[in-house]
Q: 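Pasting in a structure now, in structure tokens, and then I'll have a few things to ask.
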Number of protein chains: 2
Amino acid sequence: MAVDIREVARRSGVSPATASRALNAHPNVADATRARVLATARELGYQPNQQARALVRQRSDTVGLIWDTGYVRTHGRQSFLQDLLVALKMALAETGYHLMLLSPSSTAASPSDFVSIAAQHSLEGVALMAVNAHLPAVDALIASRRPCVGLDLPVRGARASYVSADNQQGTALAVEHLAGLGHRRIATITGGAGMMPGVERREGFSAAMAAAGLDVPPEYVAEGDFFLESGLAAMRRLLALPSPPTAVFAAGDLMAIGAVRAAEEAGLSVPRDVSVVGFDDIEPASLVHPGLTTVGQDYLAMGRAAVELLVQIIADPRVTGPRGGARRGPAPRLLPGRLVVRGTTAPPA
Amino acid sequence: MAVDIREVARRSGVSPATASRALNAHPNVADATRARVLATARELGYQPNQQARALVRQRSDTVGLIWDTGYVRTHGRQSFLQDLLVALKMALAETGYHLMLLSPSSTAASPSDFVSIAAQHSLEGVALMAVNAHLPAVDALIASRRPCVGLDLPVRGARASYVSADNQQGTALAVEHLAGLGHRRIATITGGAGMMPGVERREGFSAAMAAAGLDVPPEYVAEGDFFLESGLAAMRRLLALPSPPTAVFAAGDLMAIGAVRAAEEAGLSVPRDVSVVGFDDIEPASLVHPGLTTVGQDYLAMGRAAVELLVQIIADPRVTGPRGGARRGPAPRLLPGRLVVRGTTAPPA
DNA sequence: CGTCGTATTGGAAACGTTTCCATGACCCCG
DNA sequence: CGGGGTCATGGAAACGTTTCCAATACGACG
């Protein structure tokens with residue numbers, strides 16, 4: 001059915017070996033021969049079989065994105081991760097790597113086994129996203145020395161690194177913005193404790209507040225889980241305090257939107273009575289009214305950084321053997337956020 | 001490095017042929033032998049090489065999703081399609097097929113060539129999304145008789161079909177809702193004319209209005225392009241009419257949100273002075289205030305339907321030869337929408 | 001003129017599977 | 001006890017490439 005390289009070779013009057021060389025731009029092939037083979041290939045519509053190619057070359061030109069689609073619906077940052085996926089795909093398209101989408105459950109019998117997934121498909125690299133529920137599998141993958149990059153997931157290892165928002169810096173941006181407006185009683189609504197963005201933004205908040213010389217009473221730290229409802233509930237608790245905050249930093253936009261809603265339900269006006277800042281700048285942030293002030297991330301840059309990191313790790317010749325140096329992989333890439341001021345922040349009353 | 005099937009066979013005291021049969025649940029292999037091979041395989045951590053497997057079996061167990069990530073940012077329905085992608089992935093995970101993400105630009109030199117993309121990766125099926133800019137390539141792909149399913153894209157052919165929202169029915173739902181509330185002057189904001197949802201929702205609107213015995217003056221049809229700004233502009237035009245509508249059906253949620261914003265800018269109150277209905281039920285629809293009344297789609301069901309369709313087409317034995325019947329593929333699956341009543345609709349003043 | 005390096009090419013092995021075909025063992029039934 | 005059938009297994013080919021190695025031809029250099 002499909003035309004193979006032998007056919008091309010035969011019609012060009014050369015051997016398959018030479019045809020292969022001509023098609024793959026090998027140096028040692030006569031110009032005339034190369035031209036002839038190329039012409040024949042085009043004429044016949046020859047398409048190299050990637051499986052055969054991968055089999056013999058021992059490399060697939062493919063990277064995988066392991067991504068728990070089930071988890072994604074339950075962790076409140078779905079739209080953020082979907083945007084990130086698109087960014088990753090776009091960045092990858094320019095490198096010549098193909099992208100395979102894989103789910104933890106799809107192949108693994110009992111505990112998910114990323115090592116097997118990667119091995120089966122001869123993945124040259126793996127991107128990991130929303131797999132917080134499969135940390136042992138991630139560790140095993142790293143230990144197998146397969147190139148890895150975590151997206152918003154702190155994976156480190158000899159051939160592993162990660163990209164993430166600079167949560168410390170982004171949080172500082174938000175706090176400085178609020179402090180600059182004159183707020184002194186600033187509370188925070190945190191994200192899930194099991195996720196890196198959750199803990200880093202929480203710690204970043206304390207650090208930034210300290211840097212601004214502001215105090216954070218324990219009751220000003222309200223636990224959330226990145227979902228809207230948790231933002232609503234947390235804000236209700238904060239507003240019920242004897243001395244409620246005049247501004248709130250929520251670790252995620254969805255919670256921030258929930259906080260705004262809670263404030264309005266309590267009869268308060270945002271931003272007049274209370275200011276709210278979110279994080280991530282998801283699409284809805286610009287659509288709600290008033291528009292949500294938030295810390296935006298550059299998804300495209302993040303996708304690019306992830307791909308750069310992965311390509312760099314894959315290409316690194318220092319660690320090819322089984323004991324190729326116990327070094328850490330390249331340093332994580334922390335992408336700075338930018339403050340997007342919309343309508344939910346103002347000086348305190 | 002990796003352990004292959006010969007190793008498993010050797011350690012089990014059988015031939016590779018038998019080992020293969022044991023591992024692939026072939027009927028004719030003794031229970032004891034099978035158990036022995038399975039045990040050895042597990043013990044050795046054997047992982048079959050998918051490329052070799054695909055090469056010899058002439059099937060890859062892989063379907064591709066061709067998806068123009070560039071286009072996706074320019075057509076105003078990004079979040080809808082991203083949700084659909086997730087749904088597709090989830091449905092596919094249960095079938096054993098792997099999913100390869102491909103972009104038109106990634107492989108094609110000049111005009112995008114989906115036939116080549118599919119051939120190179122031995123894709124057993126192809127899902128198509130947001131490729132309105134590559135219709136010739138789509139046609140060529142269909143002509144190549146490779147199983148195809150369009151997502152929100154009307155592809156038909158011997159081995160091709162598509163899934164989509166039932167735009168006619170969904171639009172009727174919206175119009176009936178408005179008419180039921182007592183509205184008689186109902187306008188519409190259309191989507192892009194080049195996209196199926198755009199034209200079907202526009203036609204559906206006229207049909208539903210006629211069925212309700214309502215008139216649609218030409219100036220009540222305002223052109224949009226699915227983006228927020230176009231909804232804003234269209235609504236401004238509608239409100240400037242000598243006899244403005246009391247209700248508006250927008251073909252997409254983003255435009256509907258824009259319409260609400262335009263109404264509020266004009267000093268009107270939604271839904272008191274004017275009602276607005278959208279379509280798609282994207283995430284922001286539930287987050288804006290007032291919540292947008294819209295026609296919701298069941299993404300998960302849509303993803304499932306697409307996968308079912310594709311699997312069915314792939315498995316269809318009637319068309320295997322080059323001239324295997326000029327029949328059309330299975331009928332498209334139109335998924336009914338459901339009306340989600342939130343806060344942007346009310347009886348006319 | 002002989003020898004050596006270089007450029008170009010072909011033959012054949014290899015990648016890791018699956019599957020076709022043949023072989024032998026075994027059982028059942030006449 | 002013989003013949004035909006089924007079952008279990010092994011040998012080897014095949015899938016479509018790339019690449020190692022050898023072979024040839026050619027020019028240059030001593």
Side-chain angles (χ1 to χ4, degrees), chain A residues 1-38 40-41 44-62 96 98 107 116 118-124, chain B residues 1-38 40-41 44-62 96 98 107 116 118-124:
Chain A
M1 173 180 181
V3 34
D4 63 9
I5 201 174
R6 285 186 295 247
E7 177 77 6
V8 173
R10 209 158 46 74
R11 301 266 270 253
S12 308
V14 298
S15 73
T18 302
S20 173
R21 280 186 286 253
L23 291 165
N24 289 293
H26 265 258
N28 284 352
V29 48
D31 289 347
T33 310
R34 180 191 317 276
R36 192 150 32 92
V37 171
L38 256 36
T40 313
L44 263 49
Y46 167 69
Q47 290 301 332
N49 181 313
Q50 295 291 344
Q51 345 267 353
R53 202 156 193 271
L55 184 59
V56 63
R57 295 180 66 208
Q58 303 280 64
R59 49 173 300 189
S60 60
D61 285 331
T62 299
H98 306 121
T107 43
S116 300
Q120 286 189 345
H121 297 279
S122 309
L123 299 180
E124 289 176 43
Chain B
M1 173 182 181
V3 33
D4 63 9
I5 201 175
R6 285 186 294 250
E7 177 78 6
V8 174
R10 207 159 47 74
R11 301 266 270 252
S12 308
V14 297
S15 74
T18 301
S20 173
R21 279 186 288 255
L23 291 165
N24 289 293
H26 264 260
N28 286 350
V29 49
D31 288 347
T33 310
R34 181 191 316 277
R36 192 149 33 91
V37 172
L38 255 37
T40 313
L44 262 50
Y46 167 68
Q47 290 302 330
N49 180 313
Q50 296 291 344
Q51 345 267 353
R53 201 154 192 271
L55 183 59
V56 64
R57 295 181 64 208
Q58 303 279 65
R59 49 173 300 188
S60 59
D61 284 332
T62 299
H98 306 119
T107 43
S116 299
Q120 287 189 345
H121 296 281
S122 309
L123 299 179
E124 290 176 44

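In what follows, chains carry the letters A, B, and so on, assigned in the order in which the sequence lines appear, proteins first and then strands, with residues in each chain numbered from 1. What you see is a predicted model; the values in this text were computed from it and never measured.
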Q: Ignoring backbone atoms, establish whether B:S15 has a side-chain N or O less than 4.0 Å from OP1 or OP2 of D:dT9.
A: no

Q: Regarding B:Q51 and A:S60, is there a side-chain donor-to-acceptor distance under 3.5 Å anywhere?
A: no

Q: Can you tell which of C:dT9, D:dT9, D:dC15 lies closest to the side chain of B:R21?
A: D:dT9

Q: In whole Å, I'd like the distance from the CD atom of B:E7 to the P atom of C:dT17.
A: 11 Å

Q: Tell me whether the OP1 or OP2 atom of C:dT17 has a side-chain N or O from B:S20 closer than 4.0 Å.
A: no

Q: Please evaluate residues A:N49 and A:D4 with respect to the criterion side-chain contact (heavy atoms from CB on, under 4.5 Å), reporting the C-alpha separation (whole Å), side-chain torsions for both, the decisive distance (0.1 Å), and the verdict.
A: CA-CA 8 Å; A:N49 181 313; A:D4 63 9; over 6 Å; no

Q: Would you indicate which nucleotide in D:dT9, D:dT19, C:dT17 comes nearest to any side-chain atom of B:T33?
A: D:dT9

Q: Counting only side-chain nitrogens and oxygens, does B:H26 get under 4.0 Å of the OP1 or OP2 atom of C:dT19?
A: yes

Q: Without decimals, in angstroms, what is the distance between B:R59 CZ and C:dT17 C1'?
A: 15 Å

Q: Between B:L55 and B:A30, who's closer to the 5' end of DNA chain D by nearest nucleotide?
A: B:A30

Q: For B:R36, look at atom CZ and say whether over 12 heavy atoms of other residues, nucleotides or ligands are found less than 6.0 Å away.
A: yes

Q: When we call it a touch if two heavy atoms are under 4.0 Å apart, what does B:Q58 touch: a base, just sugar-phosphate, or nothing?
A: sugar-phosphate

Q: Reading DNA chain D from 5' onward, which residue's closest nucleotide shows up sooner: A:D4 or B:V14?
A: B:V14

Q: Quick one: B:Q120 CD to D:dT17 P, roughly how many Å, whole number?
A: 10 Å

Q: From the set D:dT18, D:dA14, D:dA12, return the single nucleotide nearest to any side-chain atom of B:A17.
A: D:dA12

Q: B:R6 has an atom CZ; how far is it from atom C1' of D:dG11, in whole Å?
A: 14 Å

Q: Grab the two heavy atoms, one from B:L44 and one from B:V3, that are nearest each other, plus how far apart they are.
A: O-CG1, 3.4 Å

Q: Does any non-hydrogen side-chain atom of A:R59 lie less than 4.5 Å from one of A:S122?
A: no

Q: Specify the separation, in whole Å, of atom CG of B:N49 and atom P of C:dT18.
A: 10 Å

Q: Roughly, in whole Å, what's the span from CZ in A:R53 to C1' in C:dG16?
A: 18 Å

Q: I want to verify a distance call: between D:dG16, C:dT19, C:dT9, whose nearest atom is closest to the B:R57 side chain?
A: C:dT19

Q: Take atom CZ of B:R10 and atom C1' of C:dG16, then tell me their distance rounded to the nearest Å.
A: 15 Å

Q: Counting any heavy atom closer than 4.0 Å, what does A:Q47 reach on the DNA or RNA strands: base, sugar-phosphate only, or nothing?
A: sugar-phosphate

Q: Under 4.0 angstrom, heavy atoms only, what part of the nucleic acid is A:N28 near: base, sugar-phosphate, or nothing?
A: base

Q: Taking all non-hydrogen atoms of both residues into account, name the closest pair between A:R21 and A:R34 and its distance.
A: O-NH1, 4.2 Å

Q: Once you round it to whole Å, what is the distance between P of D:dT17 and NE2 of B:H121?
A: 14 Å

Q: Counting just side-chain N and O atoms, does B:N24 come under 4.0 Å of either OP1 or OP2 of C:dT18?
A: yes

